[in-house]
There are 2 protein chains.
Amino acid sequence: MASKSDQPTNRLQAELKKRRPFDSPHQEAVLNVLRTNDQFQNKFGRLFRHYGLTASQYNVLRILRGEAKPMPCLEIADRMIQVVPAITGLIDRLEAQELVIRQRCREDRRVVFVALTDKARKLLDTMDEPVMSLHRGLMGHLTQLELKELSRLLEKARQRVDSAQLPGDQTPSP
Amino acid sequence: MASKSDQPTNRLQAELKKRRPFDSPHQEAVLNVLRTNDQFQNKFGRLFRHYGLTASQYNVLRILRGEAKPMPCLEIADRMIQVVPAITGLIDRLEAQELVIRQRCREDRRVVFVALTDKARKLLDTMDEPVMSLHRGLMGHLTQLELKELSRLLEKARQRVDSAQLPGDQTPSP
DNA sequence: TGTAAATAATCTACATGTAAACCTTTATGT
DNA sequence: ACATAAAGGTTTACATGTAGATTATTTACA
C-alpha cells in the first residue's frame with residue numbers, strides 16, 4: 001500500500017522496489033553493479049550446474065587450462081579473487097570428481113601442484129560453446145561501442161578501490 | 001615463465017593474470033562486471049563487519065528502515081535478490097543481535113512480521129555517513145556523465161538476463 | 001462441506017567466502 | 001648450527017546462497 005507519492009522514477013529503483021530515490025548517483029551506480037552481478041552469477045550458476053560444476057569450480061578449471069600446466073594451489077587462489085582457505089575445499093571437490101589431481105612438488109615439499117585431467121579437458125571443451133553463447137546472450141544486445149565503454153567505465157571504477165578509505169582505516173598510501 | 005608473446009594488452013587481462021586475450025568483448029564486459037562487483041563487495045564487507053554486520057544483514061536492515069514498518073519475511077527476501085530459505089537464518093541472527101523482532105500476524109497466522117528495533121535504527125544512523133562516504137570513495141572519480149552512462153549500460157545489460165537462453169532451457173517466453 | 005492447491009516460513013544438505021589458528025617445510029640471520 | 005621468520009597448505013568456525021523437501025495455514029472449488 002504505497003502512498004501516491006512513492007512512485008519510483010527509475011528502473012533500478014523499481015527493480016529493488018525502493019520507495020525513495022537513491023542518495024547519490026554514486027550509490028546508484030554501485031548498486032547497479034551489484035545487481036547486475038547477481039543476475040549474471042545466477043545465470044552462469046545454472047549453466048555450470050547443468051554440467052555438475054559450480055562457478056568457482058569452473059573458474060579453477062579455466063585457469064588451469066589457460067596456464068596449460070600444473071599450478072600450485074596458492075597461485076590458483078591468487079587468480080581467483082578469493083582468499084586462501086577456500087581453495088583447499090574447492091580442489092578437494094574437483095579431485096573427488098576426478099577433474100584434477102594433486103601432486104606434491106619434490107624440490108619444495110611445501111607446494112602442491114594441481115593438474116587437469118583429460119576428463120576435465122573434455123568437459124571444458126563441451127562447455128565452451130554454451131558458455132560463449134551465454135556471454136553473447138547476456139551482452140549481445142549492446143553495441144560494440146557500448147561494450148567497450150562499459151568495460152572502460154568499470155575499469156575506471158576499479159582504479160580507486162584500493163585507495164577508498166574505510167572508517168577504521170589508518171593507512172592511506174604512503 | 002611466460003613467453004614473449006604472452007604480454008597482456010589489457011587492464012582486466014593483466015589483473016586476472018590472463019595469458020590470452022578475451023574471446024569476445026561480451027565476455028570481457030561480463031568479467032568486468034564480476035570483477036568490479038567482487039572488489040566492491042570486499043570493501044563493503046569490511047565496512048559492515050566493522051559494525052558487526054554482514055552485507056546481507058545490513059541490506060535487510062536498510063530495507064526495513066526504508067519500508068518504515070514491519071514486513072513479512074518473504075517480502076524482505078523478495079527485495080533482496082536471494083532465494084527464500086536463506087532469509088530465515090539471516091533473521092535469526094539479526095534477532096539474536098536484538099536488531100529485529102519477529103511477531104506472528106494475527107489475521108494470517110502463516111506470516112511472520114519482522115520489525116526493526118531502536119538499537120538497529122541507532123546503528124543504521126551511525127553507519128549512514130561512512131556508507132555514503134564509501135560510495136563516494138569508490139565512484140567519486142567518475143564524472144556525473146560517466147556515472148549516468150554506467151548505470152544506463154548496466155540497466156541495458158540486465159534487460160536481456162531473463163531471456164538469455166540456457167542449454168537445457170526449453171522455455172522461451174511464450 | 002471436504003479435499004486439493006496455493007502460501008508463508010522453516011529445515012536439511014551442500015558449496016562457498018571470510019577470518020584466525022596451525023603444521024610442515026624452507027629461508028634467514030647471527 | 002640454531003633460533004626465528006616466512007611461505008604453502010590445511011583445519012576450524014561461522015555466515016551465506018542454492019536446491020529440495022516439509023509443516024502449518026489459508027484459499028479455491030467441485
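Letters go in sequence order (proteins before strands), and every chain restarts at 1.
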Self-check item: Rounded interatomic separation in angstrom, taking CD1 from Ile91(A) and P from dG9(D)
Solution: 10 Å

Quiz item: What's the CD1-C1' distance between Ile76(B) and dA8(C), to the nearest Å?
Solution: 13 Å

Quiz prompt | Gap between atoms CG and C1', on Leu47(A) and dT18(D) respectively (whole Å) | solution = 16 Å

Quiz prompt | Arg65(A) bridged to Asp128(A) by N-O distance under 4.0 Å | solution = yes

Self-check item: Asn32(B) and Arg158(A): side chain donor to acceptor below 3.5 Å
Solution: yes

Quiz item: Just by distance, with hydrogens left out, do Glu28(A) and Asn10(A) show a side-chain donor and acceptor under 3.5 Å apart?
Solution: yes

Quiz item: In whole Å, what is the span from the CD atom of Gln39(A) to the C1' atom of dG17(D)?
Solution: 16 Å

Self-check item: Electrostatic pair Glu146(A)-Arg152(B), nearest N-O below 4.0 angstrom
Solution: yes

Quiz item: Is Asp92(B) salt-bridged to Arg102(B), going by a charged N under 4.0 Å from an acidic O?
Solution: yes

Exercise. Provide, to the nearest angstrom, the distance between the CD1 atom belonging to Ile87(B) and the P atom belonging to dC11(C).
Key: 14 Å

Practice problem: Could you give me the CA-CA distance, side-chain angles and deciding distance for Arg35(A) and Glu155(B), then say whether salt bridge (Lys or Arg N to Asp or Glu O under 4.0 Å) is met? | Solution: CA-CA 9 Å; Arg35(A) 175 84 173 167; Glu155(B) 286 175 7; over 6 Å; no

Exercise. Let me know the distance between CZ of Phe40(A) and P of dG17(D), rounded to the nearest Å.
Key: 19 Å

Practice problem: Can you tell me the distance, in whole Å, between the CE atom of Met71(B) and the P atom of dA8(C)? | Solution: 13 Å

Quiz prompt | Upstream residue (5' side of DNA chain C) when Arg104(A) and Phe113(B) are each assigned their closest nucleotide | solution = Phe113(B)

Practice problem: Measure from CG on Asp92(A) to C1' on dT12(D) and round the result to the nearest Å. | Solution: 14 Å

Return the polar atom pairs (N/O with N/O) between nucleotides 24-28 of chain D and the protein under 3.5 Å, or none.
| residue | atom | partner | partner atom | Å |
| --- | --- | --- | --- | --- |
| dT25(D) | O2 | Arg110(B) | NH1 | 3.3 |
| dT26(D) | OP1 | Arg109(B) | N | 3.0 |

Quiz item: Could you write nucleotides 12-18 of chain C as a row of B, S and -, 5' to 3', where a protein heavy atom under 4.0 Å of any base atom gives B, of only sugar-phosphate atoms gives S, and otherwise -?
Solution: ---SBSB

Quiz item: Does the distance from a Lys or Arg side-chain N to an Asp or Glu carboxylate O, for Arg121(B) and Asp118(B), drop under 4.0 Å?
Solution: yes

Exercise. Determine, using ring centers only, whether His135(B) and Phe40(B) are less than 6.0 Å apart.
Key: no

Quiz item: Do Leu99(A) and Ile63(A) share a hydrophobic cluster (ILVMFWY, side-chain heavy atoms under 4.5 Å, transitive)?
Solution: yes

Quiz item: With sugar-phosphate meaning primed atoms plus P, OP1 and OP2, does Arg102(B) contact a base, only sugar-phosphate, or nothing at under 4.0 Å between heavy atoms?
Solution: sugar-phosphate

